[in-house]
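Input: a single structure, listed below in structure tokens.
Naming convention: chains lettered A, B, ... in sequence-line order (proteins, then strands); numbering from 1 in each chain. Note that the structure is predicted; figures quoted are calculated from it, not measured.
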2 protein chains.
Amino acid sequence: MLKEERHKYILDQVHLHHRILLNDLSDALNVSIDTVRRDVKELHQEKKLKKVHGGATSFGFMTFSKDDGNIYLQSKKIQIAEKTVSLLSEGQVILMSGGTTNMEVAKLIPKKLPLTVFTPSLHVAMALLDHKDVEVIFLGGKLLHDAKFAVGGTVVNALSQLRVDLCILGTGYLDAVYGLTEFDWEVIQVKQAMIRAAKKTIILSVSDKLHSVQKYKTCDLTAVHTLVTELDPQDPLLDAFREFDLKLV
Amino acid sequence: MLKEERHKYILDQVHLHHRILLNDLSDALNVSIDTVRRDVKELHQEKKLKKVHGGATSFGFMTFSKDDGNIYLQSKKIQIAEKTVSLLSEGQVILMSGGTTNMEVAKLIPKKLPLTVFTPSLHVAMALLDHKDVEVIFLGGKLLHDAKFAVGGTVVNALSQLRVDLCILGTGYLDAVYGLTEFDWEVIQVKQAMIRAAKKTIILSVSDKLHSVQKYKTCDLTAVHTLVTELDPQDPLLDAFREFDLKLV
DNA sequence: GCAAAAACAGCAAGAACTTGCAAAAACCTA
DNA sequence: TAGGTTTTTGCAAGTTCTTGCTGTTTTTGC
């Protein structure tokens, strides 16, 4: 492999994930850690990226966000994603919905963690394909133009034939009384099928979305096993959810 | 072999693969490594390519454009895409494979043209979702990490239940004698199923890939109805394909 | 403050590059 | 066509670049 190719790969990865570990690079490129270190050093001197202890980051990382421009929201989502990733274990078969929070989870999954992931989200699938050890199966169907998410009978049908370890539901609206709600009927159908297909369901929610309700209901909180937020599990904001048989993380 | 011929070959290879090793060139051209080195040096001075340690890369190789950094190849693909789009008509149900050429087709489809498109390619699906009037159905299945393409029984099975107007096959290798070939067995299975599911099949190929053969065979040229290249339909390079009942565009 | 991980410096083998040169081929020009 | 000139090509020797390994120093997390 040419040095230029390695450099391109490294820069692509850094731009995609905002940060990258030298070990992962060494692994992905099949060269020694020293070589990668030297590559990153060069790119650092060329001001193409920023070298940090253990890896590298892109320059813009802390100054702007590709997503909604909201750095606070973004960092909350990353916190949630980190907590969620720590709940995963090797060899699991999981289901992931869409949403930006789930995107962060996809990016943060360790490169060497073997998993099988089913998802109807184009973005999540795309992000997961960077992970050589993750088998990605896309649940095909009619795609929603804005959400880049597959819905419809095909998806629900495929899900009805699955039995997976874990379902990770991203962005939704959450309320102790009304449960999990959404504004898109088609999405509801898919999420319900996802919950049915999984032994355990984890929902991810930034605290801003707690106690908010939308038009349609996905499920009651009793159907959920774990709720991950960026807050400390002891935070009083979560009190309303303690009455359920729910693990707060 | 003339120097000019070598130069053309080298440029073609660099444009096609974005990079090339001096050893491979020396091997393919049956000249010493020194000669190749001198050739590449010249081309470098003429700014036709970029010489790097161990080989050469095309310009634009280091850019981060989502597209294909290669200007020459890129413009050929756009020409092909334009011709292809002109073959489409309102209300058609079509199948699109992956590849960068098909990506260009997806981008160039008129925003107001109502179509239904089935595809197993993440990139094509993503590009099509920009078009509000195109209904996109993703053919789900196990995703190939590098090609971002769904393969396997699920896809083939779903395809077996389809009957569409048109199948647009992107990047493949084409030869008058050996027909359409690929290097990935799984992809072959999907492409064959796509051809079976369509009333008509269009294949897109940049002229560089004409007369080249890969390991596995997708189909004979008799299964194809239209061949779109960036060349003029009268170009002698296409003579080998005239014996077939094939529309050249 | 300690143990583990990461970074650094120096070294050696191998690959790639440069330079100079001579033989062969191609190209004039009479 | 013969003889001289230029270009092209391959070879060899020496140099530089790349890369993985070693041991040492620095940083990090507990």
*Separation of atom CG in B/Leu21 from atom C1' in D/dT18, rounded to whole Å*: 15 Å
*B/Lys3, nearest nucleotide to its side chain (from D/dT9, C/dT18, D/dG10)*: D/dT9
_Rounded interatomic separation in angstrom, taking NE2 from A/His44 and C1' from C/dA7_ = 13 Å
*Kindly say whether, by distance alone, the side chain of A/Arg38 makes a donor-acceptor pair under 3.5 Å with the base of D/dG20?*
yes
*Rounding to a whole Å, what distance do you find between B/Lys41:NZ and D/dT9:P?*
15 Å
*Looking at D/dT8, D/dC11, D/dG20, which one has an atom nearest to any side-chain atom of B/Asp34?*
D/dC11
*Please report, rounded to the nearest Å, how far the P atom of D/dT9 is from the CG atom of B/Leu25.*
14 Å
*With a 4.0 Å cut-off on heavy atoms, is B/Leu22 in touch with a base, just the backbone sugar-phosphate, or nothing at all?*
sugar-phosphate
*Does D/dG10 have OP1 or OP2 sitting under 4.0 Å from an N or O in the side chain of B/Thr35?*
yes
*Take the protein atom CD1 of B/Ile33 and the nucleotide atom C1' of C/dC17, then report the distance between them rounded to whole Å.*
10 Å
*How many Å lie between CG on A/Asp39 and P on D/dT19, as a whole number?*
7 Å
*asked:* With a cut-off of less than 4.0 Å, is there a side-chain N or O of B/Asn23 near OP1 or OP2 of C/dA16?
replied: yes
_Just to be sure I understand the rule, does B/Val40 reach a base, reach only the sugar-phosphate, or reach nothing, if contact means heavy atoms closer than 4.0 Å?_
nothing
_Strand DNA chain D as a dot-bracket string - pairs counted if Watson-Crick or G-U with both distances under 3.5 Å, | where the partner lies in another strand_ = ||||||||||||||||||||||||||||||
*Given atom NE2 of B/His7 and atom C1' of D/dT9, what is their separation to the nearest angstrom?*
13 Å
*Give a yes/no answer on whether the side chain of A/Arg6 brings an N or O atom under 4.0 Å of OP1 or OP2 in D/dT19.*
yes
_Salt bridge flag under 4.0 Å for residues B/Lys215 and B/Glu182_ = no
*asked:* Under 3.5 Å, is there a donor on one side chain and an acceptor on the other for B/His145 and A/Asp130?
replied: no
*In terms of side-chain heavy atoms, does A/Gln92 have a donor or acceptor partner in A/Thr116 at a distance below 3.5 Å?*
no
*Would you list the pairs meeting ring-ring contact (aromatic ring centres under 6.0 Å, His included) in which at least one residue belongs to residues 227-249 of chain A, sequence neighbours left out?*
A/His211-A/Phe241
_Can you confirm whether the side chains of A/Lys77 and A/Thr100 place a donor and an acceptor under 3.5 Å from each other?_
yes
_Can you see whether B/Tyr173 has B/Lys209 sitting over its ring - NZ or CZ less than 6.0 Å from the centre and within 45° of the normal?_
yes
_Less than 4.0 angstrom between a side-chain N/O of A/Lys51 and OP1 or OP2 of C/dC8, yes or no?_
yes
*Name all residues meeting the side chain to side chain donor-acceptor pair (under 3.5 Å) criterion together with A/Ser86; count only those two or more places apart in sequence or in a different chain, and write none if there are none.*
none
*Can you check the A/His53 NE2 to D/dT26 P distance for me, whole Å?*
13 Å
